[in-house]
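If you're wondering where the values come from, they're calculated on a predicted model, not measured in any experiment.
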Amino acid sequence: MKKARSFLLLLLLAAFTIRVLWLAVEPLVPYVVSMLAIVLVLGFIYHRMTRW
C-alpha cells in the first residue's frame with residue numbers, strides 16, 4: 001500500500017510540474033514559431049545567394 005501511495009504522489013507531482021511548465025511556456029509559442037519562420041526564410045535566401 002505504501003508503494004502505491006508514493007507512486008500516486010509521484011504521478012500527482014509530475015502532473016503538477018508539467019502543468020506549471022506548460023503555463024510558463026505557452027505564451028512564448030507564437031514568438032518561437034514566428035522566429036523559426038524568419039530564420040528559415042533568411043536561411044533560404046542566404047542559401048540561394050551563396051550557392052555555386
Candidate pair F7 and L11, rule side-chain contact (heavy atoms from CB on, under 4.5 Å), full reasoning:
CA-CA 6 Å; F7 181 70; L11 281 178; 3.5 Å; yes
What's the verdict on side-chain contact (heavy atoms from CB on, under 4.5 Å) for L8 and L12, showing C-alpha distance, side-chain angles and the deciding distance?
CA-CA 6 Å; L8 288 175; L12 186 64; over 6 Å; no
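Applying the 4.5 Å side-chain rule to ILVMFWY residues, one finds V33 in the same cluster as V29.
Residue Y46 holds its OH atom at 12.0 Å from CG of L42, rounded to the nearest 0.5 Å.
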Going by atom type alone, with no hydrogens or angles, which donor-acceptor pairs under 3.5 Å involve a side-chain atom of residues 16-26 and a protein atom two or more places apart or on another chain?
unit_1: T17; atom_1: OG1; unit_2: L13; atom_2: O; d: 2.8

